Amino acid sequence: MSELSKAYEPREVEAKWYEAWLAGKCFEADPTSAKPAYSIVIPPPNVTGILHLGHVLNNALQDILARRARQEGKEVLWLPGTDHAGIATQAKVERELREKEGVTRRDLGREAFLEKVWDFKNRHGDIIIRQLKRLGCSCDWSRERFTMDEAYTEWVSHVFVELFKQGLIYRGKRIVNWCPVSLTALSDEEVIMTPQKSKLYFMKYELADAPGEFLEISTTRPETLMGDVAVAVNPKDERYAKYIGRKVRRPFPAAEIPVIADDHVDVEFGTGALKITPAHDKADFEIGMKHGLEIIDVLTPDGHIHCPELPELHGLDRFVARRKAAEMLEAMGLLLKIEEYDNNVGFSERAGVPVEPRISMQWFLKYPCVKEAADAVANGDITFRPERWAKTYAHWMENLQDWCISRQLWWGHQIPVWYRKDKLAELKGAAALGMADFESGDIHVGTTAPADEDQWVRDEDVMDTWFSSWLWPFATMANVGEDTATLRKFHPTSDLVTGPDIIFFWVARMIMAGFRFTGELPFRNVYFTSLIRDLKGRKMSKSLGNSPDPIDLMDKYGADGLRFGLLRIAPMGSDLRFDESSVEEGRNFANKLYNACRFRQMAGDLPPMEGEPEFSCFHRDIMAKLDDLSTDLVRLYADYRFGEIAQRLYEFLWSEFCDRFLEAVKGDLRDGAPLAARQATLLTFDRVMARFLQLLHPYMPHVTEELSERMGFVAAGEFLMLQPLPSSPMIDGDAADAREITTAVHETAGRLRNLKAEYQVAARRDVRFVIKGAPAWTDSVLKVLRLLAGAGEIVLDDAFDAPKGTPAVLTSMGEILMPLEGLIDVDAEKERLDKEIEKVGKEVAKAEGKLSNASFVERAPAEVVAQEKERLAEWRGRLAQLGEMRRALG
RNA sequence: GCGCGCUUAGCUCAGCGGUAGAGCACAUCCUUCACACGGAUGGGGUCGCAGGUUCGAACCCUGCAGCGCGCACCA
């Protein structure tokens with residue numbers, strides 16, 4: 001190991017090792033390997049996205065699992081890739097075109113626009129990939145996939161065709177969630193319900209057959225009034241029974257519309273009379289269908305009023321028109337009042353504007369293999385962690401609605417359906433399309449275009465991005481119809497690591513698609529990560545500017561520091577409040593580790609040992625503790641307790657290894673120490689550190705690889721990341737005797753330091769201690785005790801006659817006195833003792849109280865009672881001692 | 001409205017039936033030859049509230065409150 005700077009500098013080290021791993025093909029999976037398989041598919045990030053903390057947590061976890069699996073002797077495939085992210089990517093490119101070239105996608109036309117998007121993808125698509133590499137992710141990059149690769153696209157078409165032929169995909173005119181900004185339909189999952197301060201408008205419609213008599217109606221959307229085709233009341237509502245079957249006057253455009261009865265109407269809400277606008281509300285649409293009502297669409301796709309008969313409103317934005325319509329009603333004397341009203345409004349997930357329920361022709365999917373998918377989680381074939389998400393999943397699976405899979409976008413997988421040109425008008429006008437049209441030869445549904453392509457027109461829509469993502473686990477491993485070695489070896493995958501926010505979007509759908517198209521479950525375990533929030537508990541978002549850039553954090557603290565810091569505070573199951581100080585801790589931890597190794601390096605090397613090493617209790621103790629750590633980690637990994645694993649690693653290195661072990665053996669390394677002791681100490685250091693680096697490696701891959709090399713723990717040309725975990729413990733047995741002694745020494749040293757601090761002599765190195773009644777082994781650890789306590793001299797003298805008032809502590813190494821030699825302020829000491837006596841007195845009273853409780857003594861387990869008695873004896877002894885000291889001072 | 005979580009030291013979180021824990025922050029001391037991205041010592045909590053079970057509850061049960069998140073066609 002060459003000279004090391006005082007502080008660890010991760011930057012070059014991390015870059016160097018990532019290159020080395022790539023060059024060594026350490027991440028590449030071999031499907032012909034005889035080792036058992038372990039596989040994960042990455043949740044593909046948006047191809048044009050940039051790394052945020054959520055990605056860091058998610059991918060660090062996957063990397064930990066992958067690296068640990070390699071150490072366990074598995075053949076590991078971590079399959080990476082990116083998602084084309086239809087709406088998000090198209091919106092970005094459209095914005096760029098608008099700003100830079102002043103053109104819209106329609107100006108360019110479909111083909112030219114798609115070229116622009118591909119160009120954009122080629123320019124930005126590898127940003128997030130590079131960022132994942134910076135983080136240290138051990139993905140098999142030779143297998144990187146993109147959801148719009150040719151072979152992947154073939155899968156998407158193939159799946160569409162299969163499901164169509166199975167009768168699960170159909171086209172129909174329905175009310176869908178329409179985004180007036182993106183100009184496309186959305187699935188129910190892409191709509192975010194948000195509480196809004198709205199207004200409830202109360203108005204009245206005049207009875208057609210009884211001028212002067214009015215029916216009162218309440219609505220939040222007066223601007224769609226022109227699309228009203230009826231007013232509905234509840235049939236049980238006695239107030240309105242007399243109106244059913246009669247007509248009321250719609251104010252504008254003037255028309256007479258019927259009053260109908262429908263159970264859906266809530267008697268309690270508003271006036272209890274509901275205006276029916278089938279074109280602009282899902283419930284109204286259903287009522288309209290039931291009663292055979294007309295559908296009048298009064299909105300344009302981009303959310304403006306379309307009603308040429310009413311020039312006052314025609315062309316206005318929907319929200320402007322709302323106020324205007326209310327004004328018009330007021331002018332006509334028909335507006336009764338406006339109330340403030342809290343309701344939930346659906347917002348477009350991507351565009352952030354209220355969605356518009358809109359009638360349109362879309363493709364829908366009835367989900368396949370619903371029962372199998374629901375059962376797989378219910379019966380434990382797939383495990384969710386934390387388990388409670390299984391309930392959320394089950395609830396969604398029980399209430400599945402058909403999935404609107406078509407999008408009015410250009411960037412995506414185009415629907416593989418062609419219409420015969422000569423039937424186009426007819427087909428477009430149809431209320432629904434399905435197998436019958438296919439069988440009649442009017443439409444072509446296939447993975448390739450029909451032979452006489454010029455006689456056909458392809459459906460312009462593309463598919464929902466999730467319609468490609470749900471195939472990810474198997475479509476990344478084999479092409480359609482192929483049975484590759486990769487698929488055979490690595491599918492089903494082992495673990496899936498993802499956020500609970502995409503249970504419906506992705507996880508549930510993958511389970512269904514996996515079952516339908518491979519006959520297998522796509523994964524065995526799903527680990528749901530924490531959602532990362534800021535310190536105020538807010539979700540991280542670009543607009544709030546509360547989302548730290550992980551690249552900045554890596555610049556400052558290193559990738560290892562970021563990984564470790566984040567993982568150490570990641571709770572299982574609940575949200576995580578991110579605090580940069582935890583990343584700082586991660587950096588500090590790497591530095592601590594580095595300096596421990598630096599210390600070892602400075603000790604140099606010694607001639608090889610002759611015979612068996614002479615291990616002291618401190619040596620055996622740290623080895624036994626490392627064995628304990630190794631065993632515990634096996635269990636913790638099995639339970640996916642990532643935060644606890646980090647915590648245990650941290651404690652071992654910092655507290656056990658550095659604070660206790662290293663401090664205790666420092667004396668062995670001083671000049672003049674016996675050679676055998678030096679040799680045993682360095683040997684212990686090397687053995688323990690070599691194993692520790694390996695245990696830590698999944699969390700901090702770069703620094704551990706670096707130190708293993710520099711310390712010579714791994715042979716030249718080999719990698720720590722590929723070394724299998726040792727199968728045997730470092731020492732036989734539990735070294736209980738060593739643990740007892742080392743614990744006693746450290747405890748005692750702590751008591752002595754504490755004593756020194758109490759008497760304001762903490763910094764002095766010349767304080768003398770006298771031990772009375774020391775155990776037999778004390779002699780062997782006396783030097784260590786002196787070192788740890790920062791004492792000048794420690795003598796064993798059972799006959800020592802202490803002057804009255806000499807401070808003393810009762811320890812597991814006997815009674816230890818600290819002769820004051822008259823250097824202490826007597827008044828301050830009296831005061832201190834009085835306080836101490838009061839405190840100890842309370843403890844004695846507490847213990848006595850407990851032991852005088854008959855039911856406690858009789859019913860608590862004997863060992864608990866005994867423990868309590870022992871405690872009481874200790875406190876009493878202490879109290880007596882304090883009293884004596886106090887009396888000595890007068 | 002239904003469901004699911006959370007509420008422990010100033011902050012972020014562990015603990016989940018037997019004397020309240022960690023890291024950060026704070027105070028005092030230490031620039032002793034691994035590390036000031038460090039070391040030592042210390043202050044700080046009636047474990048959200050109210051009941052119950054138990055010899056004993058932060059931990060189990062029942063209510064309540066506050067916060068958060070899902071799901072839901074009340075216009």
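Remember, predicted model here, so these are calculated numbers, not experimental data.
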**Report entry** Close approaches to RNA chain B from residues 554-562 of chain A, in residue order (heavy atom, under 4.0 Å)
**Finding:** none
Query raised in the report: So what stems show up for RNA chain B if we need 3 or more Watson-Crick or G-U pairs in a row, all under 3.5 Å?
Result: B:1-7 with B:65-71, B:10-13 with B:21-24, B:26-30 with B:38-42, B:48-52 with B:60-64
Query raised in the report: Partners of A:His702 by ring-ring contact (aromatic ring centres under 6.0 Å, His included), sequence neighbours excluded?
Result: A:Trp21
**Report entry** For A:Tyr243, all residues meeting ring-ring contact (aromatic ring centres under 6.0 Å, His included), sequence neighbours excluded
**Finding:** none
Under 4.0 Å between a side-chain N/O of [X] and OP1 or OP2 of [N], yes or no?
X	N	result
A:Trp654	B:G39	yes
A:Tyr341	B:A75	yes
A:Lys592	B:C35	no
A:Arg753	B:A40	no

**Report entry** Per A:Asp659 side chain, nearest of listed nucleotides B:A40, B:C35, B:U12
**Finding:** B:A40
Report summary line: Which of B:C71, B:A75, B:G3 is nearest the side chain of A:Asp266? It is B:A75
Requested in this report: Using the test side chain to side chain donor-acceptor pair (under 3.5 Å), find all partners of A:Asp188 that sit at least two apart in sequence or belong to another chain.
Outcome: A:Asn177
**Report entry** Set of residues satisfying side chain to side chain donor-acceptor pair (under 3.5 Å) with respect to A:Asp552, sequence neighbours excluded
**Finding:** none
Restricting to salt bridge (charged side-chain N to carboxylate O under 4.0 Å, His left out), what partner residues turn up for [X], sequence neighbours left out?
X	value
A:Arg753	none
A:Arg587	A:Glu584
A:Glu9	none

Query raised in the report: Which value, in whole Å, describes the distance between the C1' atoms of nucleotides B:C26 and B:A9?
Result: 12 Å
Requested in this report: Write down the distance separating the C1' atoms in B:G10 and B:A25, rounded off to the nearest Å.
Outcome: 7 Å
Query raised in the report: Heavy atoms under 4.0 Å, any strand shown: does A:Ser218 hit a base, just sugar-phosphate, or nothing?
Result: base
Report task. For A:Arg533, report the nucleic acid contact type (base, sugar-phosphate, nothing); a contact means any heavy atom under 4.0 Å. Result -> sugar-phosphate
Query raised in the report: Hey, is A:Arg641 close enough to A:Asp639 for a salt bridge, meaning N to O under 4.0 Å?
Result: no
Query raised in the report: Do A:Arg568 and A:Glu585 meet the salt-bridge criterion of a basic N to acidic O distance under 4.0 Å?
Result: yes
Just distance, no hydrogens or angles: give the donor-acceptor pairs under 3.5 Å from side chains in residues 649-656 of chain A, sequence neighbours left out.
from: A:Glu651; atom 1: OE2; to: A:Gln647; atom 2: NE2; distance (Å): 3.2
from: A:Glu656; atom 1: OE1; to: A:Lys625; atom 2: NZ; distance (Å): 3.0
from: A:Glu656; atom 1: OE2; to: A:Arg660; atom 2: NH1; distance (Å): 3.1

Requested in this report: Could you check how far CG of A:Asp639 sits from C1' of B:C16, rounded to whole Å?
Outcome: 15 Å
Requested in this report: Would you mind listing every salt bridge (Lys or Arg N to Asp or Glu O under 4.0 Å) that reaches into residues 279-290 of chain A, with sequence neighbours excluded?
Outcome: A:Asp262-A:Lys290
Report task. Go along nucleotides 19-29 of chain B 5' to 3' and tag each nucleotide: B for a protein heavy atom under 4.0 Å from its base, S when only backbone or sugar atoms are that close, - otherwise. Result -> B--SSS-----
